[in-house]
Visitor: 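Take a look at the following structure, please.
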2 protein chains.
Amino acid sequence: MRADAQKNYDHLLAIARIVILEQGADASLRDLARRAGVGLGTLYRHFPTREALLEALLRTSFDELTERARELEHSRSAEDALVTWLREIIAFTHNYRGVTAPMMAAIEEPNSALHGSCVQLRAAGARLLSYAQTQGRARTDIDGDDLFALIAALAWLNDQPSHSSRAKHLFGIIVSAILKI
Amino acid sequence: MRADAQKNYDHLLAIARIVILEQGADASLRDLARRAGVGLGTLYRHFPTREALLEALLRTSFDELTERARELEHSRSAEDALVTWLREIIAFTHNYRGVTAPMMAAIEEPNSALHGSCVQLRAAGARLLSYAQTQGRARTDIDGDDLFALIAALAWLNDQPSHSSRAKHLFGIIVSAILKI
DNA sequence: ACCTGAACACCGTTCAAGT
DNA sequence: ACCTGAACACCGTTCAAGT
């Protein structure tokens, strides 16, 4: 990549982070380009779809969460590992309002730029779930896809301003449904 | 209301039902007015906000669901009444894609045209929950607001095309969290 | 009283023209 | 090779002008 292009790319990503943290994942791309002081076409050149932009923005966090799942699996009880990881992934999505719907859509859309990231995250969760299941700590009629959907539902609830105060409580309720009594 | 106005109102509502069943609650209002063969201003005159339109559209169903809760409370076991009603409200929202978010937003927005309907529905659910709790059939650390949030989360999941196939399964999982073992 | 549609301020997306 | 912004086709919302 040419040096000026690289600079634009980096700057766009930095501004995108600010704007999306501010306004959510459905922020205006036009506004974003404007704030980055860059032509609208330049934004589209570097990020042909909104999902490509989100992917670039969240890539690092996705990888960290995946790595984190591996760590937890080897350092804690199966139950503790699963619950801690769930707490962390929910906390992460909480920062990026409106990111849940595109992630859900991407998981069954192999052409989406977000597809790989979501599959990766889902697999990380599935491993922790499976571990908890073999230890007899999680119900066995749930699979990784179900877990991903439950995470998405919780993340979506967190995005609804009305119920942010009961977020922790609802987290506990759903976790109790996943775990074995 | 003048006769011509009444006619426009009724026709708009009939077309709105078709369009929103087709395209979801965020369908284009412009398109809707066009298909109703009516000026855009006429739509806004009768339904000053999108929520006012949704309210008019869903009013009957809201009332039916409320009445249904009363029926169930007196004709079935507490657990059966609650679960049946939850199934019915989820089935209802399934028809109106994208209606969950405005409903969640409306419940803490007293000025919203949807506010009353949502409060009414939430209260109906709360009564069934409370009944189940007094019969020792539902966990007692959940209140009507939590129940409403869990319903919304399930309804939202149903809207995500990817996971519609596991909808029933996830319904069962969350119900199992609400009920006492 | 009610209806109409132009007007305004926004979008997302594409692409010819520039450097 | 990359950037720019006008152009196009859409929105939601308001409101002067018509009947």
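Just so it is clear, the structure is predicted and the values come from calculations on it, not from any experiment. Chain A is the first sequence line, chain B the second, and so forth, proteins listed ahead of strands; every chain is numbered from 1.
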Visitor: Starting at CZ of A:Arg166, measure out to CD1 of B:Ile142 and round the result to the nearest 0.5 Å.
Guide: 10.5 Å
Visitor: Could you walk me through whether A:Glu67 and A:Arg70 pass the salt bridge (Lys or Arg N to Asp or Glu O under 4.0 Å) check?
Guide: CA-CA 5 Å; A:Glu67 175 55 26; A:Arg70 248 185 291 271; 3.6 Å; yes
Visitor: Measure across B:Leu147 and B:Ala126 and return the closest heavy-atom pair with its distance rounded to 0.1 Å.
Guide: CD2-N, 4.5 Å
Visitor: Does A:Arg97 reach the main-chain N or O of A:Glu22 with its side chain, forming a donor-acceptor pair under 3.5 Å?
Guide: yes
Visitor: Would you kindly compare A:Arg34 and B:Thr42 by the position of their nearest DNA chain C nucleotide and give the one closer to the 5′ end?
Guide: B:Thr42
Visitor: Let's see if you can work this out: which of C:dC3, D:dC2, D:dT13 has an atom nearest to the side-chain heavy atoms of B:Ala5?
Guide: C:dC3
Visitor: For DNA chain C, list all stems, counting runs of three or more consecutive pairs where every pair is Watson-Crick or G-U wobble with both distances under 3.5 Å.
Guide: C:4-8 with D:12-16, C:12-16 with D:4-8
Visitor: Assign a letter to each nucleotide of nucleotides 14-19 of chain C from its 5' end: B, base within under 4.0 Å of a protein heavy atom; S, sugar-phosphate only; -, no contact.
Guide: BB----
Visitor: Examine distances only and state if a side-chain atom of A:Asp146 and a backbone atom of A:Asp143 form a donor-acceptor pair shorter than 3.5 Å.
Guide: yes
Visitor: Listed in order of residue number, which residues of residues 6-28 of chain A have a non-hydrogen atom at under 4.0 Å from DNA chain C?
Guide: A:Ala27, A:Ser28
Visitor: Give me the ring orientation class for B:Trp156 and A:Trp156: parallel if the planes are under 30° apart, tilted from 30 to 60°, perpendicular past 60°.
Guide: parallel
Visitor: Without decimals, in angstroms, what is the distance between A:Asp31 CG and C:dA9 P?
Guide: 16 Å
Visitor: If you compare every side-chain N and O of B:His46 against the phosphate oxygens of C:dC2 (OP1, OP2), does one of them come in below 4.0 Å?
Guide: no
Visitor: Are the side chains of A:Leu12 and A:Leu32 in contact, using a 4.5 Å heavy-atom criterion?
Guide: yes
Visitor: Nearest to the side chain of A:Leu29, heavy atoms from C-beta on, is which of C:dG12, C:dA7, D:dC2?
Guide: C:dG12
Visitor: Can a side-chain donor-acceptor contact be found between A:Arg139 and B:Ser176 if the only test is distance below 3.5 angstrom?
Guide: yes
Visitor: Starting from P on C:dA1, measure out to CG on B:Asp4 and report it in whole angstrom.
Guide: 13 Å
Visitor: Nearest whole angstrom, please: distance from the P of D:dT13 to the CG of B:Leu32.
Guide: 13 Å
Visitor: B:Met1 has an atom CE; how far is it from atom P of C:dC2, in whole Å?
Guide: 8 Å
Visitor: Which heavy atom of B:Ala56 sits nearest a heavy atom of B:Phe47, and at what distance?
Guide: CB-CE2, 3.8 Å
Visitor: For B:Ala81, is there any backbone N or O sitting under 3.5 Å from a side-chain donor or acceptor partner on B:Thr84?
Guide: no
Visitor: Could you check how far CZ of A:Arg30 sits from C1' of D:dC11, rounded to whole Å?
Guide: 12 Å
Visitor: Nearest 0.5 Å please: distance from the NE2 atom of A:His169 over to the CG atom of B:Asp145.
Guide: 11.0 Å
Visitor: Please tell me if A:Arg50 has a side-chain N or O lying less than 4.0 Å from either OP1 or OP2 of C:dG12.
Guide: yes
Visitor: If you check every side-chain atom of B:Val38, which of C:dC2, C:dT4, C:dG12 has the closest atom?
Guide: C:dT4
